Amino acid sequence: MEMHQQRVYVVDDDQGMLESTVWLLESVGLQAVPFTSGQSFLDSCSEDIPACVLLDIRMPGMGGLAVQDALRERGSQLPVIFVSAHADVPIVVRAFRAGAVDFIEKPYNEQLLLDSVQRALRQRARPSAAGPQASEVQQRLDQLTPRERDVLLPLVQGRSNREIAEQLGISVKTVDLYRSRVMKRMQADSLPALVGMCIGVGLVEPFTLQPR
């Protein structure tokens, strides 16, 4: 399937962000279809051609998670990528458990966003081609040192660096160091990406999340 035939729905109530994202996608030959509300997207989206959706979390009226739920109820196969400034761990976990393929924090890195979109479009064409497999993630987990695993679990449960430091009896600076090592060893470019990996191998469950 040629790139210009692939469609990306962009749903964001921030007009400036919407326009810049559409411009970015069109600059690499993708067809970007903008919407400023979740309901207008649901009323108009089609799955007749390869497509994915970039979806903001917080919008007036119907928020991104509600849009995701509506797509699931329809039996939609559209890969969902959340792009949001609100990346609290409980929100990220809920999004991934409901089937999101990625969760990117604003302000986003343009290349990371484009890479995520291309992975999502490949997933639509070949479901087995998306993201690291559970076996790969498990191999990365197995390579962590005991202290790195001590930091990983509370990190993906939503605890702050200070809370982790108090729990483990170490300094915040030391937690920062181990957190950086964990991200590198797990090949995660963001906390949401790390959370998604841990959900994929069953390391994170909703009842373990810290309330916010």
Side-chain angles (χ1 to χ4, degrees), residues 12 14 17 54-59 62-69 72 79-113 115-116 119-120 130-212:
D12 197 321
D14 183 329
M17 181 63 70
L54 293 175
L55 189 57
D56 193 17
I57 284 284
R58 295 187 181 176
M59 296 180 288
M62 180 176 258
L65 293 173
V67 173
Q68 184 187 32
D69 289 343
R72 290 181 66 201
V80 174
I81 300 169
F82 281 103
V83 184
S84 177
H86 308 284
D88 292 341
V89 169
I91 292 176
V92 175
V93 169
R94 179 178 170 187
F96 276 120
R97 290 188 67 84
V101 299
D102 206 350
F103 197 117
I104 298 174
E105 295 178 89
K106 294 179 182 177
Y108 58 75
N109 175 285
E110 292 184 353
Q111 191 57 54
L112 288 178
L113 180 72
D115 289 346
S116 181
R119 285 195 301 270
Q133 298 298 311
S135 59
E136 296 176 35
V137 174
Q138 189 60 55
Q139 287 177 359
R140 297 172 193 173
L141 284 171
D142 292 342
Q143 293 173 355
L144 297 180
T145 66
R147 180 58 88 185
E148 287 167 349
R149 290 184 67 91
D150 287 343
V151 170
L152 169 68
L153 187 56
L155 179 62
V156 297
Q157 289 174 341
R159 296 183 185 273
S160 68
N161 284 8
R162 183 167 298 279
E163 290 172 328
I164 297 172
E166 292 175 354
Q167 175 182 324
L168 298 179
I170 57 179
S171 69
V172 174
K173 185 176 181 179
T174 301
V175 172
D176 287 338
L177 175 62
Y178 279 112
R179 175 173 176 156
S180 177
R181 289 180 180 177
V182 167
M183 298 292 284
K184 184 176 181 179
R185 285 180 182 270
M186 294 300 296
Q187 301 177 35
D189 51 43
S190 67
L191 180 56
L194 183 65
V195 172
M197 292 179 189
C198 292
I199 290 172
V201 295
L203 191 62
V204 175
E205 296 295 338
F207 61 81
T208 66
L209 298 178
Q210 289 296 105
R212 282 288 182 264

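None of the values given here were measured: they were computed from a predicted structure. Starting from 1, each residue takes its place in the sequence as its number.
- At a threshold of 4.5 Å between non-hydrogen side-chain atoms, the residues Val92 and Phe82 do not count as touching.
- Between Val83 and Asp56, the closest heavy-atom pair is O-OD1, 3.1 Å.
- In terms of heavy-atom proximity, Asp189 sits nearest to Met183 at C-CE, 4.2 Å.
- If you take CG on Asp150 and CD on Glu148, they are separated by 10.0 Å, rounding to the nearest 0.5 Å.
- The distance from the SG atom of Cys198 to the CG atom of Leu152 is 4.5 Å, given to the nearest 0.5 Å.
- No side-chain heavy atom of Glu163 sits under 4.5 Å from any side-chain heavy atom of Pro154.
- For Gln139, the side-chain contact (heavy atoms from CB on, under 4.5 Å) criterion is met by no residue, not counting sequence neighbours.
- What you find for Ser84 and Ile57 is that their closest heavy atoms are OG-CB, 3.4 Å.
- In this structure, Gln143 contributes its side chain and Arg185 its backbone to no donor-acceptor pair below 3.5 Å.
- At distances below 3.5 Å, not a single donor-acceptor pair connects side-chain atoms of Asp88 with backbone N or O atoms of Pro90.
- To the nearest 0.5 Å, atoms CE (Met197) and CZ (Arg140) are separated by 5.0 Å.
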Item to complete: Please test Asp176 against Arg179 for salt bridge (charged side-chain N to carboxylate O under 4.0 Å, His left out), starting from the C-alpha separation and ending with a verdict.
Response: CA-CA 5 Å; Asp176 287 338; Arg179 175 173 176 156; over 6 Å; no
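- To the nearest 0.5 Å, atoms OH (Tyr108) and CD1 (Ile81) are separated by 11.5 Å.
- For the pair Ile104 and Leu112, the minimum side-chain heavy-atom distance is 4.5 Å or more.
- Remark: Phe96 pairs with no residue by the ring-ring contact (aromatic ring centres under 6.0 Å, His included) rule, at least two apart or across chains.
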Side-chain donor/acceptor pairs under 3.5 Å, residues 165-172, sequence neighbours excluded:
{"from": "Ser171", "atom 1": "OG", "to": "Thr174", "atom 2": "N", "distance (Å)": "3.0"}
{"from": "Ser171", "atom 1": "OG", "to": "Thr174", "atom 2": "OG1", "distance (Å)": "2.8"}

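- Atoms CG and CG, from Leu177 and Asn161 in turn, are 11.5 Å apart once rounded to the nearest 0.5 Å.
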Discussion item. Pair Met62, Asp69 - check side chain to side chain contact (heavy atoms under 4.5 Å, CB included), show working.
Written reply: CA-CA 11 Å; Met62 180 176 258; Asp69 289 343; over 6 Å; no
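- Between Arg149 and Leu141, the shortest heavy-atom distance links the atoms NH1-O, 3.3 Å.
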Worksheet item: Given Arg97 and Ile199, is the side chain to side chain contact (heavy atoms under 4.5 Å, CB included) satisfied, shown in steps?
Response: CA-CA 7 Å; Arg97 290 188 67 84; Ile199 290 172; 4.0 Å; yes
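- Summarising the geometry of Asp12 relative to Asp14, their closest heavy-atom pair is OD1-N, 2.9 Å, with the distance given to 0.1 Å.
- Nearest heavy-atom pair, Leu194 versus Leu155, reported as atom, atom and distance to 0.1 Å: CD2-CD2, 3.8 Å.
- Atom CG of residue Leu65 and atom CZ of residue Arg94 lie 4.5 Å apart, to the nearest 0.5 angstrom.
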